[in-house]
Amino acid sequence: MKRIAFIIIALLVVNVTFGQKSARTSAFNALRKGKLDEAVKYIEPTITHEKTMNDAKTWFYRGNIWIEVATSQDPKYADLKPGALDKALESYKKTLELDESGRHKVDATKNLMFIAGQYYNEGVNNYNADNFEPAVVSFLKSADVNAMVGTIDTSAYQNAAVCAEKAGSYEKALEIYGKLIEMEFNDPSIYGSMASAYKGMGDTAKAFEIIASGREKYPSDFNILIAQTNLFLAIGDSEAALENLKLAAEQDPTNPTIFFAVGANYEQLGNTADAEVAYQTAIDLKPDYFDALFNLGAIYFNRAVSILTEANNLPLDATDKYDTMKVEANALFEKSMPYLEKAHEVDATDENTMLSLKEIYTRLQKLEKLKEINAKMAN
């Protein structure tokens with residue numbers, strides 16, 4: 001009787017084992033027929049049963065099922081999609097771990113590379129939707145999966161760092177940028193980005209330190225130079241900013257923005273003569289550059305107003321000097337007018353430009369133009 005009982009127990013064990021392998025086969029067949037919900041129902045119990053959970057084939061089939069769920073456009077599988085890509089990743093990792101024969105290695109590796117691409121696309125989509133924190137997660141997953149198959153995807157790490165910075169997660173951004181530097185990723189922009197992150201954390205000293213390191217490593221890099229210049233401007237060091245901007249203008253003599261910045265810094269330092277030259281260069285490079293047009297017009301306008309103010313404070317008997325100064329002021333109003341008129345042409349809604357033109361037209365008795373500008377300001 002004992003022997004018979006033993007045989008019955010053995011048969012039960014065989015049946016259970018056969019049942020789990022049969023479920024795995026059913027999952028495979030359901031996948032072939034595109035019945036993903038059935039495939040999931042059959043495959044999930046096999047990964048926890050002791051007879052099938054350590055079989056590479058089980059995990060490989062599971063990976064194939066979940067990757068199909070993750071990429072399916074069929075709305076009836078929408079409830080299965082959350083976390084599907086993570087489950088596929090888990091499955092292929094386990095496949096490679098258990099696959100001593102290497103039978104599934106090539107296909108599992110290809111599918112892992114596909115998963116990395118899917119995570120990357122998730123990151124891009126989240127970035128475009130301004131969902132920066134989820135984008136960080138997706139880009140890092142993409143980088144990690146690529147690393148599993150022997151590929152270092154620096155662009156995924158860089159994108160993750162950018163998204164972390166945009167999300168205000170400055171420490172995370174710095175951690176990732178630091179990792180890229182350890183990888184000897186030769187992109188000078190990293191130093192500017194790290195400086196920006198430190199600045200976001202309120203650590204200006206560290207920002208200057210990392211920028212100095214970048215300039216030492218890439219002394220001729222334009223972007224690092226501009227990043228350092230922006231730091232100087234942020235702390236109000238116009239002289240240091242100006243020195244950098246001069247270097248930048250030498251490196252990129254066709255960039256109107258740089259010459260505008262040079263002009264603004266000269267003006268900040270009280271050197272309006274050099275500011276005029278810089279603004280004019282910016283306008284020559286970009287004739288519709290509103291800010292440069294307005295600022296250059298404003299220099300002449302303000303100089304004219306200053307002369308008139310001084311003239312009005314003269315003694316009543318200083319009529320000759322008053323007349324001379326008035327002519328000088330009007331000449332400056334005349335000089336200012338074309339720049340401000342062009343600025344108004346570029347941006348017809350700017351109130352400061354219209355107010356300045358109204359003053360000029362009044363002073364110079366440009367009655368038709370005064371009538372026009374008054375009508376525009378009334379609307």
Side-chain angles (χ1 to χ4, degrees), residues 132 136 158 160-181 185-283 285-286 289-299 302 350 352:
F132 298 119
V136 174
Q158 193 171 21
V162 169
C163 291
E165 188 177 348
K166 285 184 174 291
S169 301
Y170 298 117
E171 290 185 2
K172 186 66 176 178
L174 289 168
E175 176 189 331
I176 301 168
Y177 284 130
K179 187 171 185 177
L180 283 166
I181 290 175
F185 179 52
N186 293 318
D187 187 337
S189 68
I190 289 178
Y191 292 89
S193 298
M194 290 183 76
S196 176
Y198 279 121
K199 183 171 176 287
M201 295 170 66
D203 193 342
T204 307
K206 196 67 178 177
F208 273 109
E209 182 183 321
I210 198 68
I211 277 293
S213 175
R215 287 211 65 192
E216 182 178 346
K217 189 172 183 180
Y218 301 99
S220 62
D221 185 80
F222 180 78
N223 291 322
I224 294 179
L225 178 65
I226 293 299
Q228 187 181 51
T229 303
N230 287 334
L231 282 175
F232 285 134
L233 291 173
I235 64 170
D237 191 343
S238 297
E239 291 186 5
L242 184 58
E243 289 306 309
N244 270 15
L245 286 167
K246 289 177 183 177
L247 292 174
E250 290 175 8
Q251 290 185 29
D252 190 359
T254 62
N255 190 330
T257 304
I258 292 174
F259 285 98
F260 171 77
V262 169
N265 278 272
Y266 271 128
E267 196 171 357
Q268 183 76 20
L269 294 168
N271 184 348
T272 55
D274 284 333
E276 289 175 41
V277 174
Y279 286 142
Q280 186 61 61
T281 303
I283 293 166
L285 292 168
K286 190 176 186 295
Y289 198 156
F290 174 85
D291 291 332
L293 288 162
F294 181 85
N295 281 18
L296 185 51
I299 284 177
N302 292 336
D350 185 74
N352 289 326

Please find out if less than 6.0 Å separates the ring center of Tyr279 from that of Phe260.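 Ring-ring flag for Tyr279/Phe260: true, centres closer than 6.0 Å.
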Assess the pair Tyr191 and Tyr177: is the distance between their ring centroids shorter than 6.0 Å?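 When the ring centroids of Tyr191 and Tyr177 are compared, they turn out to be at least 6.0 Å apart.
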Using every non-hydrogen atom in the two residues, find where [X] and [Y] come nearest and quote the distance to one decimal.
| X | Y | answer |
| --- | --- | --- |
| Ala161 | Ala173 | O-CB, 3.5 Å |
| Ile224 | Gly214 | CD1-O, 3.6 Å |
| Ala282 | Pro256 | CB-O, 3.5 Å |
| Leu269 | Ser238 | CD2-CB, 3.9 Å |
| Thr229 | Ala241 | CG2-O, 3.7 Å |
| Gly192 | Ile211 | CA-CD1, 3.9 Å |

If you count heavy atoms of other groups shown closer than 6.0 angstrom to CD of Glu276, is the number above 12?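 More than 12 within 6.0 Å, yes.
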How about NZ on Lys166, more than 12 heavy atoms from neighbouring residues, nucleotides or ligands closer than 6.0 Å, or not?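 Counting other residues, nucleotides and ligands, NZ of Lys166 stays at 12 neighbours or fewer.
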Atom [atom1] of [X] and atom [atom2] of [Y]: how far apart are they, to the nearest 0.5 Å?
| X | Y | atom1 | atom2 | answer |
| --- | --- | --- | --- | --- |
| Leu233 | Leu245 | CG | CG | 6.5 Å |
| Ile190 | Leu180 | CD1 | CG | 4.5 Å |
| Asn265 | Asp274 | CG | CG | 12.0 Å |
| Glu171 | Tyr198 | CD | OH | 9.5 Å |
| Leu285 | Thr257 | CG | OG1 | 9.5 Å |
| Arg215 | Leu225 | CZ | CG | 5.0 Å |

Is any side-chain heavy atom of [Y] closer than 4.5 Å to one of [X]?
| X | Y | answer |
| --- | --- | --- |
| Asn186 | Tyr218 | yes |
| Glu267 | Leu296 | no |
| Asn223 | Ile226 | no |
| Tyr170 | Asp203 | no |
| Glu239 | Leu242 | no |
| Ile181 | Met194 | yes |

Do the side-chain N and O atoms of Ser193 and Glu165 include a donor-acceptor pair separated by under 3.5 angstrom? no
Intermediate values then yes/no, side-chain contact (heavy atoms from CB on, under 4.5 Å), Phe232 and Glu243: CA-CA 10 Å; Phe232 285 134; Glu243 289 306 309; over 6 Å; no
Thr281 side-chain N/O to Val277 backbone N/O, donor-acceptor pair under 3.5 Å: yes
Tell me if a side-chain donor or acceptor on Asp252 pairs with a main-chain N or O of Ala248 at a distance below 3.5 Å. no
